Structures are given as C-alpha cells and as structure tokens.
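For reference, the structure is listed below as structure tokens.
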Amino acid sequence: MQPILRSIESADVIVYAAPTYIWSFPAPVKAVIDRSVYASCKYYGGDPYGPALMKGKRIAVITTCGYPTERVTDLFEEQMRRYCKHCGPTYAGMLAERQRNLKEAFMDEDKEMRARAFAKTLL
Ligand SMILES: Cc1cc2nc3c(=O)[nH]c(=O)nc-3n(C[C@H](O)[C@H](O)[C@H](O)COP(=O)(O)O)c2cc1C
C-alpha cells in the first residue's frame, strides 16, 4: 500500500477501473480502497484531526458489467457518493460499459467515444 498511498498523495484525480462484482469492486480493489479510507479517515482533515489524504481530490470509476448499465450504476454510484461525502474527495462520476455476451467483442466505436468523452470530464 505504501507506493499506492504515495501515488494518491500526488494525484489530483484517482480513477478506480475494474469489473463490477456484486454491484461493487472486486475484492482486491476493495482492499485498496479500504486501506485508503483508513489513511484518510484516521485524519479527517482540519483541526484538530490533521491532514486528510483524500481531501481536495476527485474520484472516478470506470467499470465493466454484465447487466444493463443503469441496473449497475445506481447502487455502485450511491456507495461512491456516500464514501466521498464521508472521506472528503469529490465524486467525479462513473463510466459503466456492458458486455452483453461472449459472442460479441467488448470494444466498439460507441464505447470508445464514451470513454474519450468521460476522460475529458476528468481533465
Ligand atoms: C463474481 C462476479 C460478480 C459479478 N457481479 C456482477 C454484477 O453485480 N453486476 C453486473 O452487471 N455484472 C456482474 N458480473 C459480470 C462482470 O461484471 C463481467 O463479467 C465483467 O465486467 C467482464 O470483465 P472481465 O472480462 O474483466 O471479467 C459479475 C461477475 C463475476 C465473476
């Protein structure tokens, strides 16, 4: 976690990119977020708590899923909003893209266009 926490410290925007597992992050990604919660919430920021790791940063999520995206992002985004309210970063939004089945390639021009547009919102 030390190198990851140092990267977070020097970042303006943190993008968590992972497949959706049970309306959330896969366990290894969740473990990183849990540890960074500790790093930020041990010190909420402001007197008398001291510096906060996540305060002033923006957090975004890029995820892939199997269900229609609107049935995934509602719960996923709600937990991100509450997490950001609790820990100090600003929630910058989510890009979710569905893979309908294994017969079609995941990537197409529409997805690429949405990914580029989403990236621009983070700059
Ligand atoms: C354990 C597990 C849980 C999953 N949970 C969800 C889910 O809650 N909602 C959803 O839309 N897709 C779910 N999926 C489908 C994955 O999101 C999908 O397979 C993934 O985005 C494809 O990316 P990958 O090829 O990197 O695995 C789940 C898949 C697995 C293996």
Side-chain angles (χ1 to χ4, degrees):
M1 276 306 292
Q2 290 305 318
I4 295 174
L5 292 176
R6 269 195 290 278
S7 298
I8 291 175
E9 201 174 24
S10 63
D12 298 318
V13 184
I14 298 139
V15 182
Y16 296 111
T20 300
Y21 280 9
I22 320 293
W23 291 272
S24 188
F25 294 104
V29 182
K30 178 66 165 44
V32 168
I33 295 170
D34 289 351
R35 293 303 306 277
S36 62
V37 164
Y38 172 80
S40 57
C41 287
K42 187 177 178 188
Y43 308 109
Y44 274 101
D47 289 335
Y49 303 111
L53 179 71
M54 291 291 177
K55 213 174 174 76
K57 300 188 187 298
R58 298 170 73 214
I59 285 191
V61 177
I62 297 176
T63 191
T64 55
C65 53
Y67 285 142
T69 54
E70 66 277 7
R71 284 166 58 190
V72 172
T73 52
D74 54 354
L75 278 183
F76 207 148
E77 286 210 290
E78 183 57 26
Q79 71 165 320
M80 289 312 292
R81 284 201 187 90
R82 289 191 194 189
Y83 159 66
C84 288
K85 192 172 175 193
H86 185 67
C87 293
T90 302
Y91 180 55
M94 174 179 292
L95 175 68
E97 294 291 356
R98 180 188 190 192
Q99 176 150 36
R100 295 179 66 88
N101 57 61
L102 294 176
K103 290 181 189 153
E104 299 165 22
F106 170 74
M107 203 59 192
D108 61 30
E109 278 181 18
D110 287 345
K111 285 191 177 111
E112 185 180 332
M113 235 169 52
R114 287 193 291 270
R116 288 182 183 280
F118 185 67
K120 278 186 187 152
T121 68
L122 303 179
L123 296 176

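All ligand and atom numbering here is 1-based and tracks the order in the structure. Since the model is a prediction, treat every value here as computed from it, not as a measurement.
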Atom CZ of F106 with >12 non-hydrogen neighbours under 6.0 angstrom: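 Yes.
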Give me the one residue out of D34, T63, I33 that meets side chain to side chain contact (heavy atoms under 4.5 Å, CB included) with F25.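 So the option named by the test is I33.
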Test question: given the 4.5 Å side-chain rule for I, L, V, M, F, W and Y, name all other residues clustered with Y21, or answer none.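 Other cluster members: none.
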With a cutoff of under 4.5 Å between side-chain heavy atoms, which Ile, Leu, Val, Met, Phe, Trp and Tyr residues group with I62?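 Grouped by the 4.5 Å side-chain rule, V13, V15, L95, F118, L122 form the rest of the cluster around I62.
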Heavy-atom contacts with ligand 1 below 4.0 Å: which residues, ordered by chain and residue number?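 Only P19, T20, Y21, I22, W23, T64, C65, G66, Y67, V72 have heavy atoms that fall under 4.0 Å of ligand 1, ordered by chain and number.
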Partner residues of Y91 under the ring pair (Phe, Tyr, Trp, His ring centres under 6.0 Å) criterion, sequence neighbours left out: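 Y91: no ring pair (Phe, Tyr, Trp, His ring centres under 6.0 Å) contacts found.
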Look only at the side chain of K57 and the backbone of I8, and say whether a donor-acceptor pair between them is shorter than 3.5 Å.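 Checked: pair present.
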